[in-house]
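Data block below; observations after.
Start at 1 with the first residue, then count along the sequence. In what follows, every heavy atom counts, from backbone to side chain, and hydrogens, waters and symmetry copies are set aside.
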Amino acid sequence: MPPPTGAPRPRSPLPSPAGTAAVTAVLSALLLVLVAVRLGPLVSFDRAVADGLHRSALAEPGFTRVNRVFSDWVWDPWTMRLVAAATVVLLLWRGLGLLAVWVAAASALGTGLQQALKSLVGRERPVWPDPVDSAQYAAFPSGHAMTAAVTCGLLLWLLGRRGVGPRLWWAAVLCAAVSVLGVGFTRVYLGVHWPTDVVAGWLLGVCLVACAIASYGRVALNREG
């Protein structure tokens, strides 16, 4: 049944879930291979960007502290997982069990995938004589970037399904964009990731969200049929 005239149309953060999933999967795989073989130009690019930002972090301790607050607290993966968990509880409370399962499964899969890739690739993090922050586990992909992309992407998808008004929609898009791009910047600025770690996290996060949207659409359609 079509929505009433004047009712907000459902929105999606992705133009075509299946197409987006395919494109980002290919790009993620390509980047993984290039990082694994240590392609010279890519390594040089990572080093040049990381060196420049590290010098800035040492020269601007106040700005560095701000980045640490956002990176270690506001945009920390555990903060994002708590947001996802709260969303799952809200969906269950509203009787949307299938959506709750999809959000929980996508979030859990994102965590498992990033840890598996970290172990598989085993990329070392940047090492500095004068570090401004520290991090555990391997570098590729960035868990912060991937978790933020997954959580924010899923939240935008849910808002789009509700057909929220334009002001709330664009405010949510802006908040999501600032969070996803911002956390990626902080990880490189603080010297705990290479730029390509962050790009991989973004690509994998978008790919996972696109797969979740596409698969949910098929399952929901089959249930209705």
Margin query: On a heavy-atom basis, which atom in V198 and which in A145 lie closest, and how many Å separate them?
Written below: O-CB, 3.8 Å
Check: Do V178 and Y189 share a hydrophobic cluster, counting only Ile, Leu, Val, Met, Phe, Trp and Tyr and linking them when any side-chain heavy atoms are less than 4.5 Å apart?
Finding: no
Notebook entry, point to check: With a cut-off of 6.0 Å (strictly less than), are more than 12 heavy atoms of other residues, nucleotides or ligands near CZ of F70?
Noted result: no
Margin query: Looking at every non-hydrogen atom in both residues, tell me the closest pair between G191 and P126 and how far apart they are.
Written below: O-CB, 3.6 Å
Notebook entry, point to check: Do L42 and L31 pass the side chain to side chain contact (heavy atoms under 4.5 Å, CB included) test, and can you show the C-alpha distance, the side-chain angles, and the key distance before you say yes or no?
Noted result: CA-CA 10 Å; L42 196 66; L31 185 55; 4.1 Å; yes
Checklist line | V219 with Y216, same ILVMFWY side-chain cluster at under 4.5 Å | finding: yes
Checklist line | L204 vs T24 side-chain heavy atoms within contact, under 4.5 Å | finding: no
Next item on the list: Can you see which heavy atom on L159 is nearest to which on A172, and at what distance?
Entry: CD1-CB, 3.4 Å
Notebook entry, point to check: Ignoring hydrogens and geometry, is there a side-chain-to-backbone donor-acceptor pair from R125 to Y137 under 3.5 Å?
Noted result: yes
Checklist line | Steps toward side chain to side chain contact (heavy atoms under 4.5 Å, CB included) verdict (W75, M80) | finding: CA-CA 7 Å; W75 295 323; M80 292 293 170; 3.7 Å; yes
Check: So, does S119 use its side chain to make a donor-acceptor pair with the main chain of Q115 at under 3.5 Å?
Finding: yes
Checklist line | Heavy-atom side-chain contact between L120 and L117 under 4.5 Å | finding: yes
Check: Does any non-hydrogen side-chain atom of W202 lie less than 4.5 Å from one of M146?
Finding: no
Next item on the list: For G97 and L92, work out which heavy atoms get closest and say how close.
Entry: CA-CD2, 4.1 Å
Next item on the list: Test side chain to side chain contact (heavy atoms under 4.5 Å, CB included) on H54 and V188 and set out the steps.
Entry: CA-CA 8 Å; H54 184 63; V188 182; over 6 Å; no
Next item on the list: Please check if any side-chain donor atom of R81 sits under 3.5 Å from a side-chain acceptor atom of T151, or the reverse.
Entry: no
Next item on the list: Please examine the side chains of L190 and S71, heavy atoms only from C-beta on, and report whether any two atoms are closer than 4.5 Å.
Entry: yes
Item checked: Side-chain donor or acceptor of W102 paired with backbone N/O of A212 under 3.5 Å -> yes
Next item on the list: Determine, using the 4.5 Å side-chain heavy-atom cutoff (strictly less than), whether L53 and W128 are members of one ILVMFWY cluster.
Entry: no
Notebook entry, point to check: Quick one: is the NZ or CZ of R162 closer than 6.0 Å to the six-membered ring centre of W157, and within 45° of its axis?
Noted result: no
Notebook entry, point to check: Is there a donor-acceptor pair under 3.5 Å between the side chain of R68 and the backbone N or O of W73?
Noted result: no
Next item on the list: Check the pair T147, W78 against side chain to side chain donor-acceptor pair (under 3.5 Å), reporting the backbone distance first and the verdict last.
Entry: CA-CA 9 Å; T147 305; W78 283 108; over 6 Å; no
Check: In terms of hydrophobic clustering (I, L, V, M, F, W, Y; side-chain heavy atoms under 4.5 Å; direct or indirect links), are V209 and L109 co-clustered?
Finding: yes
Margin query: Side chains of V103 and L155, heavy atoms from C-beta outward: is any pair under 4.5 Å?
Written below: no
Item checked: Beyond-backbone contact of D46 with S44, side-chain heavy atoms, under 4.5 angstrom -> no
Check: Does a donor on one side chain and an acceptor on the other come within less than 3.5 Å for W194 and S142?
Finding: no
Next item on the list: Determine yes or no for a side-chain-to-main-chain donor-acceptor pair under 3.5 angstrom, with K118 supplying the side chain and A138 the backbone.
Entry: yes
Check: So, for C152 and A176, which heavy atoms are closest and what is the spacing to 0.1 Å?
Finding: CB-CB, 3.8 Å
Check: Is the backbone of V183 close enough, under 3.5 Å, to the side chain of T186 for a donor and an acceptor to pair up by distance?
Finding: yes
Check: Are any of the side-chain nitrogens in R123 or D197 under 4.0 Å away from the carboxylate oxygens of its partner?
Finding: yes
Check: Heavy atoms, side chains only, cut-off 4.5 Å: are L99 and L158 in contact?
Finding: yes
Next item on the list: Could you please spell out the steps behind the side chain to side chain contact (heavy atoms under 4.5 Å, CB included) verdict for V192 and S134?
Entry: CA-CA 6 Å; V192 293; S134 62; 5.5 Å; no
Margin query: On a heavy-atom basis, which atom in V74 and which in T79 lie closest, and how many Å separate them?
Written below: O-CG2, 3.3 Å
